[in-house]
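Protein chains get the first letters and strands the later ones, always in sequence-line order, with residue 1 at the start of each. The figures that follow rest on heavy atoms only: side chains count, while hydrogens, waters and symmetry mates do not.
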Amino acid sequence: MPVYDPQHFEKKWQAAWEKAGLFQGLADAQGDEGVWDILPADKTSSVDARDILYLLFAFAYPSGSGLHVGHVESKTALDILARYYRMNGKRVFFPVGWDAFGLPAENYAIKTGVHPADTTRSAINTFREQIKRIGISYDWQTEIATSHEEYYRWTQWLFLELYKKGLAYQGQAMVNWCPSCQTVLANEQVVDGVCERCGHEVKQKQMKQWFFKITEYKDELIAGLDQVDWPRATKDQQLHWIGKSKGATVDFNVLSEISDNNSNINIRCFTTRIDTIFGVTFLAISPEMFTELGLHNLLQKNKLAEVDAYIEKAYSKTEEQRKIGEKNKTGVDTGLKVINPVSGKKVPVYVADYVLAGYGTGAVMGVPAHDARDLQFARKFSLPVIPVVKRSDADNPNSQENISAHESAERITTEKANGTNNEKASEIANKINVAGRENSDDDNLIHSEHGVLINSGVYDGLTSAEAMQKIPHDFDEIEIATTYKLRDWLISRQRYWGAPIPIVYDPSGKAHPIKDEHLPWVLPTDVDFKPTGESPLKSSQELIERTERLYGKGWRPEFDTMDTFVDSSWYYLRYCDARNREKFASPERLQQWLPVDFYMIGPEHVVLHLLYSRFFTKFLRDQGYLNFDEPFIKMRHQGMILGPDGKKMSKSKGNVINPDEIIAKFGADTLRLYEMFMGPIDADKPWDVRAVAGIYRFLSRVYDLLLTSAKSTSHVNSREKKKQVQQKLHQTIRKVSGDIPALKFNTAIAAMMEFVNLWENSEKFANKSDEKVTAKPGTKTDVRSDQNTDQSLLSQADMIMFIKILAPFAPFLAEELYQQLAVPAANHSEFPGEGEFSSIHLQRWPIWDKRLAELEQLIIPVQVNGKLRDHLLVNRDSINDEETVLEEAKALPKVTKWLVGKQLIKHIYLPGKILNLVVK
RNA sequence: GCCGAGGUGGCGGAACCGGUAGACGCGUCAGACUUAAAAUCUGAUGGUGGCAACACUGUAAGGGUUCGAGUCCCUUCCUCGGCACCA
């Protein structure tokens with residue numbers, strides 16, 4: 001009896017595949033060489049775009065701790081797709097690379113003095129071996145690392161292309177500064193006011209920084225989402241990040257303090273609710289905008305000190321302190337007044353830091369009756385609250401003018417209760433009142449929905465929508481406007497381990513691009529890593545000397561490096577021509593392989609990486625380098641693998657599963673299969689230590705079953721059994737063939753298990769058939785002996801079909817079984833390109849026999865009044881004979897029982913599906 | 001607060017378009033083998049009642065549509081992910 005011992009053969013086949021170069025150089029195959037010889041002539045002769053498939057895995061940061069089970073999951077999922085599509089005759093491009101620049105290696109260098117290049121190199125080596133060990137069929141010839149000169153040379157080239165078009169620019173900016181990491185952080189890297197990486201509180205600092213003008217593409221970044229097949233949630237998050245909102249701007253003229261006449265300064269406010277303009281009782285302006293407009297000069301002497309102090313304080317506030325302000329708003333009355341151009345009313349101007357400088361116009365009109373934040377502010381400064389929009393869905397006969405916020409709120413609650421016109425109305429009203437009493441929070445008092453205008457002069461009675469159309473039309477001071485949350489992308493980093501920004505400054509401080517012949521602008525090695533608050537590159541003598549040598553005395557280099565998101569947002573382009581020294585990729589290769597057909601990526605990259613990648617793609621398209629709009633046609637996320645305790649794996653919690661240990665114990669196939677079996681690919685799933693053994697058991701049974709039944713000499717007599725097993729095989733092929741493209745790996749594996757269970761049981765049954773066999777209930781068995789010459793239940797050809805569908809999931813075991821069962825007999829000349837090695841992974845995917853896969857007899861569930869009572873066995877060719885089916889069903893004893901004394905009103909029959917008898 | 005995903009046995013999860021709820025795996029229980037254990041194999045396994053046949057009940061809670069609802073609609077609750085003073 002052979003024993004399943006993955007350690008014995010997995011490494012052997014790994015080496016054999018590598019030696020044969022089974023999955024290598026596919027990007028180089030032009031349709032007339034290499035593995036493509038195994039494809040039918042019509043596939044290889046023409047390069048049909050539909051036959052090309054670019055599968056992409058979000059390349060990994062090679063961390064020191066090695067491959068994680070989460071990596072295994074997404075890599076295996078894509079590997080299954082790659083192998084499946086290859087076996088189906090597609091030209092699959094499945095590249096690999098490393099997001100090798102980044103902070104961990106640098107932080108490690110600060111701690112230990114080991115150069116990041118060394119750390120990274122050894123980490124990559126570890127990862128590479130681990131990935132090979134789990135049998136991922138990457139094309140290693142395309143391997144890239146973002147820290148390699150030949151890669152970042154093109155990252156720098158991309159920067160310069162953007163620079164030439166004015167899309168890379170330098171600007172003074174208040175930046176998020178992490179005092180611990182000693183670097184600038186993008187807004188995206190600040191989470192809850194603290195540094196995403198180290199958790200330290202982030203401070204504000206004014207610095208000169210490089211930006212990419214991603215906002216240039218904001219509308220296209222929205223529109224492009226319609227072209228791609230991505231999860232809805234991802235699209236929504238991108239849209240939310242771009243944050244387009246339509247509204248209007250209103251210019252409020254500032255009255256001069258002395259004369260009370262119009263000044264020449266306007267405060268422009270952005271609002272999405274111009275219909276509420278009659279409700280404006282104050283203006284709030286951000287400290288930054290206050291300064292920018294020079295309003296300081298209009299202040300009266302007695303206000304100067306107070307206002308300046310407030311602004312000073314606001315500037316120094318950290319994110320954390322501003323968050324506290326969310327609940328307790330601050331501001332200061334400037335003493336200035338403005339005129340509401342629509343109502344003509346005079347309202348005060350406040351400086352308040354709840355108004356964001358970076359959004360809209362940096363100033364807002366305060367409408368406390370219809371905005372929760374404005375209401376909070378109005379409460380604090382005892383400003384009036386004027387409701388100007390009432391709910392339109394309930395009748396309100398007693399419309400009052402100038403009611404207080406409290407009164408209006410009360411009315412809202414009663415309307416709410418009256419509106420829900422059922423028995424529960426009083427209950428609901430009660431609830432609301434209780435809530436109102438217990439929770440005096442102002443949120444309960446405002447209503448921010450659209451409705452019908454009141455207290456709005458000639459506009460009374462218009463709906464919000466109508467007013468939003470009409471008001472801007474009637475006033476020159478009001479313009480329809482759109483604003484976005486998306487900011488330009490700050491890419492400067494005061495770090496060492498990244499691509500140097502390819503810019504030099506002349507003695508006057510003017511920026512100049514690095515000349516093309518000086519690319520790659522190499523990252524120097526003679527640097528001091530210790531954080532000083534300045535870029536580590538400043539400590540490089542070599543870089544400074546290089547700059548002066550190449551550009552002249554007094555020239556100095558840019559010392560900042562680029563955000564690593566720049567590296568990782570164009571790598572999928574480089575893959576297709578990874579060794580090109582003339583271009584970032586040749587136009588032919590780009591045209592042939594891109595865009596990416598399927599991208600598998602962690603949900604953590606939903607916003608930034610994808611947005612940046614799309615931006616680069618659109619930019620390069622506009623420069624004529626690409627002929628497509630969107631880089632990733634179809635994209636799905638893998639879920640997170642949680643620890644056995646159901647929590648996120650982390651060293652500190654001690655719940656980390658090490659893939660190496662699983663491989664050592666059970667082999668790589670078990671690891672792969674288990675991770676695919678855990679559940680839907682996009683769900684978060686906890687690791688179950690014991691369930692892994694179940695997969696190992698399954699693979700052991702497959703191994704035993706195939707080898708023993710192939711070599712079995714006992715005769716099998718039951719034609720019935722044979723047919724059953726063969727039928728199940730074809731159903732399984734059908735199921736697996738459908739599940740793989742749908743990424744339903746868990747159910748594909750379950751189907752294969754079902755097949756193996758049936759086959760195994762039948763095999764046992766067959767072996768025992770000499771003895772007295774009692775038929776199991778439910779299976780309509782007939783133990784009549786048939787004359788049969790086959791030795792086992794399944795022919796060798798059938799067995800190989802099963803091995804083929806198993807191959808993408810458990811490539812090592814499949815190869816081992818295939819070699820043992822098929823190769824001695826296989827005709828090698830069938831695969832001229834492959835010489836001696838005929839691998840299972842070069843075989844064609846099996847085609848299921850439609851007739852065989854279909855059941856001859858169907859079991860129709862029979863319901864009485866919707867409740868299942870019995871089943872009826874119907875021959876496939878008579879399922880449409882409704883009369884007979886009905887009569888036979890009525891005759892079933894368990895059904896008859898429920899029909900006695902009742903009258904059959906009607907029946908619903910779905911041929912082959914269900915029969916429901918409705919009785920009274 | 002807003003946006004999104006979700007809630008099914010002891011656990012991970014199945015269930016195509018509204019048509020047999022719980023596939024498959026784990027665990028548990030019982031049995032076989034064994035001096036014993038492990039491993040392996042066989043059987044049972046949502047809950048309640050019943051010796052049994054069988055019946056009732058059951059997909060977060062409540063209501064609705066339908067011959068029929070895990071699936072569709074309404075209301076409520078909970079969990080997870082993201083965003084958050086975005087005017």
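- Closest to the A/N916 side chain, of the nucleotides B/rU20, B/rG68, B/rC56, is B/rG68.
- A sub-4.0 Å separation between OP1 or OP2 of B/rG12 and a side-chain N or O of A/N746 is absent.
- If you check B/rA87, B/rA55, B/rC54 against the side chain of A/K894, the one that comes closest is B/rC54.
- Looking at A/K329, its side chain comes within 3.5 Å of the base of B/rC85 through a donor and an acceptor atom.
- In this structure, A/F698 places its CZ atom 11 Å from C1' of B/rG25, rounding to the nearest Å.
- Toward the 5′ end of RNA chain B lies the nearest nucleotide of A/A693, the other residue of the pair A/G243 and A/A693 mapping further downstream.
- Looking at the side chain of A/Q237, the nearest of the listed nucleotides B/rG82, B/rA14, B/rC56 is B/rG82.
- As rounded to the nearest Å, B/rU59 and B/rG46 have C1' atoms that lie 11 Å from one another.
- When the shell of 6.0 Å around NZ of A/K653 is examined, it contains more than 12 heavy atoms from other residues, nucleotides or ligands.
- The nearest whole Å value for the distance from the CZ atom in A/R869 to the P atom in B/rA53 is 16 Å.
- Checking B/rC83, B/rA87, B/rG25 against every side-chain atom of A/H240, the shortest atom distance belongs to B/rC83.
- Closest to the side chain of A/M753, out of B/rU20, B/rC24, B/rG13, is B/rC24.
- Of the candidate nucleotides B/rU20, B/rG27, B/rA87, B/rG27 has the atom lying nearest to any side-chain atom of A/R690.
- For the P atom pair drawn from B/rC41 and B/rG7, the interatomic distance equals 33 Å after rounding to whole Å.
- At the phosphate of B/rU40, OP1 or OP2 sits under 4.0 Å from a side-chain N or O atom of A/R697.
- When the C1' atom is used for both B/rC72 and B/rG18, the distance is 8 Å, rounded to whole Å.
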